[in-house]
Amino acid sequence: MVAVKGSFYSSFCKHRGMEGSWNTLPVSRTEVEISTVLSCGQSFRWKQLESDDKAWIGTFSHKVWILKQTDTEIHFKVFQQGMEENGDKLDDEKNRGLLYDYFQLEVSLETLYKEWSKRDERFANLTIQDYRGIRMLDQDCVENVFSFICSSNNNIARISQMVEKLCLHYGVKIAEVEGKTYYDFPTVEKLIGEKVEKKLREEKFGYRAGFIAKTAATIVANGGVNWLENLKNVGYDEARKQLQTLPGIGRKVADCVCLMSLGYSEAIPVDTHMHQIAKKYLPHLAKLKTLTDKSYSEITDYFRALHGDYAGWAHSVLFASTLRHLKKDGVTENKETATTEETVDVNLDKSKNAKSKKSIVEKPTTDSSTKDDKQRRNCTSRESKETIPLRFEQVTQNSQQIRTFASVIRTFLCAVAKV
DNA sequence: TCGAGACCTAAGGA
DNA sequence: ATCCTTAGGTCTC
């Protein structure tokens, strides 16, 4: 065990039930900024600890984790069933490995940023110092599937509540921390049946109740969690196709699952905001009322051509970075919405951005370059040099921040679409 | 292919 | 106060 010392933690550790030891995982904030990663809408289960809002508490790998970050390390503490026998060095090493894998630290964000900046000058120009440390988590695919089924036509606050209810009603207790009981995400089998659907409707899941019970049944019929896990091995297109056979999982949710829990870094979830804004800048899509399968493909193909094999990461990074920008600047209690304007000089070298490159991290690559020429035509029709005004509305509450994603993403797409 | 409408609920704005 | 819209969509015609 590595004891964490110093005043930084003294107040934190003195709380009842917090006497246990801390461990450390060396990592710079350049590679991961946990406060951003844990709150940007990838996982719905992380909360700031009540006794210390600098610390985060959540669950993965059937354990409860408390995480806290310094400039050079993540300090973590683990709670699990059978805590009494816990605490030997072997567990420490194992947990450190689990944390490393959860944050996918084998992927060098610094390397990716460099690559994205080469391909896309807005990456270098926009908020380069602001969006450091934003990366994809490697989440459990069962939890991911059902969490994002809950996400349709919904807001993050309610999605989080629903996920918590699923755990509370159907999950196994893991541990009690600071007087609060934490439950594991339920197994697929637990979510099958009409009783579940009825119960979830009572719990205000709405039409998602049926989707959850039926998807659980379908997964089990297909071979259970192994079938789901095996989608990691069948390639992105096939995995997405298979996921979309599950009730309540359409293109967007399938892409969320592919990106966040199946390891397909090229998957790009296109939500309603992204679409509304994208069609302003991809002219031939503007006439479409709704996001069709075809237009969805065109949008994602475009971003894949621009950002490469980790396009899903790039997209999420920019998405989260803008949210983080809001959080940092707009901390006010009185709901005032000051706006700041800045300009970004978009001076682009078309040929450079259109050039296709290989992945820079060891990972199976998929060939999605067949439409490169078409995308290039679609997206190079504007002037190569423009000044784009960026507007950030400053808000405080999470829900409000989410609400402003439209304006936020405009910032990003505004630039991207004018390549 | 694309468009329209229904689907549950809750919160915020007009 | 009440209606309306929106929130990280999906499914059926």
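Below, chain A is the first sequence line, B the second, and so on; all start at residue 1.
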* Which residue lies more 5' along DNA chain B, comparing Asn153(A) with Gln161(A) via nearest heavy atoms ->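 Closer to the 5' end of DNA chain B: Asn153(A).
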
* To do: Both distances under 3.5 Å, Watson-Crick or G-U wobble: on that basis, could you give the dot-bracket string for DNA chain B, with [ ] for crossing pairs and | for other-strand partners?
  => ..|||||.||||||

Send over the distance from [X] [atom1] to [N] [atom2], rounded to a whole Å.
| X | N | atom1 | atom2 | value |
| --- | --- | --- | --- | --- |
| Arg158(A) | dG9(C) | CZ | P | 12 Å |
| Glu202(A) | dT9(B) | CD | C1' | 15 Å |
| Asp271(A) | dT10(C) | CG | C1' | 15 Å |
| Phe148(A) | dA7(C) | CZ | P | 16 Å |
| Ile212(A) | dT10(C) | CD1 | C1' | 14 Å |
| Lys287(A) | dG3(B) | NZ | P | 9 Å |

Counting only side-chain heavy atoms from C-beta out, which of [options] sits nearest to [X]?
| X | options | value |
| --- | --- | --- |
| Arg201(A) | dT9(B), dC8(B), dA4(B) | dC8(B) |
| Leu288(A) | dG3(B), dT9(B), dC8(B) | dG3(B) |
| Ser152(A) | dG9(C), dC8(B), dC2(B) | dG9(C) |
| Lys294(A) | dT1(B), dC7(B), dG3(B) | dT1(B) |

* **Strand contacts (DNA chain C) in residues 184-200 of chain A, 4.0 angstrom heavy-atom criterion** =>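 Within this stretch, nothing sits under 4.0 Å of the strand.
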
* Asked: Is any side-chain N or O of Thr292(A) closer than 4.0 Å to OP1 or OP2 of dT1(B)?
  ->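 It does not, given that no N or O in the side chain of Thr292(A) lies less than 4.0 Å from OP1 or OP2 of dT1(B).
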
* **Any Arg208(A) side-chain N or O less than 4.0 Å from OP1/OP2 of dC7(B)** =>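 Result: no.
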
* To do: Would you kindly check whether a donor in the side chain of Tyr296(A) faces an acceptor in the base of dG9(C), or vice versa, at under 3.5 angstrom?
  =>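 In this structure, the two groups form no donor-acceptor pair.
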
* Going through the distances and angles, do Arg45(A) and Ser147(A) end up as a side-chain hydrogen bond (donor to acceptor under 3.5 Å, both in side chains)? -> CA-CA 10 Å; Arg45(A) 299 198 68 191; Ser147(A) 295; over 6 Å; no

* Does NZ or CZ of Lys180(A) fall inside the cone over Tyr182(A)'s six-membered ring, less than 6.0 Å from its centre and within 45° of the axis? ->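 Yes, cation above the ring, under 6.0 Å and within 45°.
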
* Between Lys173(A), Lys63(A), His62(A), which is the residue that forms a side chain to side chain donor-acceptor pair (under 3.5 Å) with Asp184(A)? ->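 Only match with Asp184(A) under side chain to side chain donor-acceptor pair (under 3.5 Å): His62(A).
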
* Sole residue of Arg240(A), Lys241(A), Gln242(A) in side chain to side chain donor-acceptor pair (under 3.5 Å) with Gln244(A) ->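 Of the listed residues Arg240(A), Lys241(A), Gln242(A), the side chain to side chain donor-acceptor pair (under 3.5 Å) partner of Gln244(A) is Arg240(A).
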
[atom1] spacing across the pair [N] / [M], given as an integer number of angstrom:
| N | M | atom1 | answer |
| --- | --- | --- | --- |
| dT1(B) | dG9(C) | P | 24 Å |
| dA7(C) | dC2(B) | P | 23 Å |
| dC8(B) | dC13(C) | P | 15 Å |
| dT2(C) | dC7(B) | P | 24 Å |
| dT9(B) | dA1(C) | P | 22 Å |

Please tell me whether [X] and [Y] have a donor and an acceptor in their side chains that are separated by less than 3.5 angstrom.
| X | Y | value |
| --- | --- | --- |
| Glu178(A) | Ser51(A) | yes |
| Ser152(A) | Tyr207(A) | yes |
| Tyr296(A) | Asp255(A) | yes |

* Cationic N near anionic O, under 4.0 Å, Glu203(A) to Lys165(A) ->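 The answer is yes: the pair qualifies as a salt bridge.
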
* State plainly whether the residues Asp301(A) and Arg304(A) are in salt-bridge range, i.e. N to O under 4.0 Å. =>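 Salt bridge present between Asp301(A) and Arg304(A).
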
* Give me the residues of residues 241-259 of chain A where at least one heavy atom lies under 4.0 Å from an atom of DNA chain B, by number, or none. =>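 None, since no heavy atom is under 4.0 Å.
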
* Roughly how far, to the nearest 0.5 Å, is the OG atom of Ser43(A) from the OH atom of Tyr102(A)? ->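 One finds 4.0 Å between OH of Tyr102(A) and OG of Ser43(A).
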
* To do: Starting from the C-alpha separation in whole Å, work towards a yes-or-no answer on side-chain hydrogen bond (donor to acceptor under 3.5 Å, both in side chains) for His307(A) and Asp120(A).
  => CA-CA 7 Å; His307(A) 290 140; Asp120(A) 176 358; 2.7 Å; yes

* For Ser295(A) and Leu291(A), indicate whether the former's side chain and the latter's backbone hold a donor-acceptor pair under 3.5 Å. =>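 Not confirmed, Ser295(A) side chain does not pair with Leu291(A) backbone.
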
* Could you label the plane-to-plane angle of the Tyr236(A) and Tyr264(A) rings as parallel, tilted or perpendicular, counting under 30° as parallel and over 60° as perpendicular? =>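 Tilted, since the angle between the ring planes falls between 30° and 60°.
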
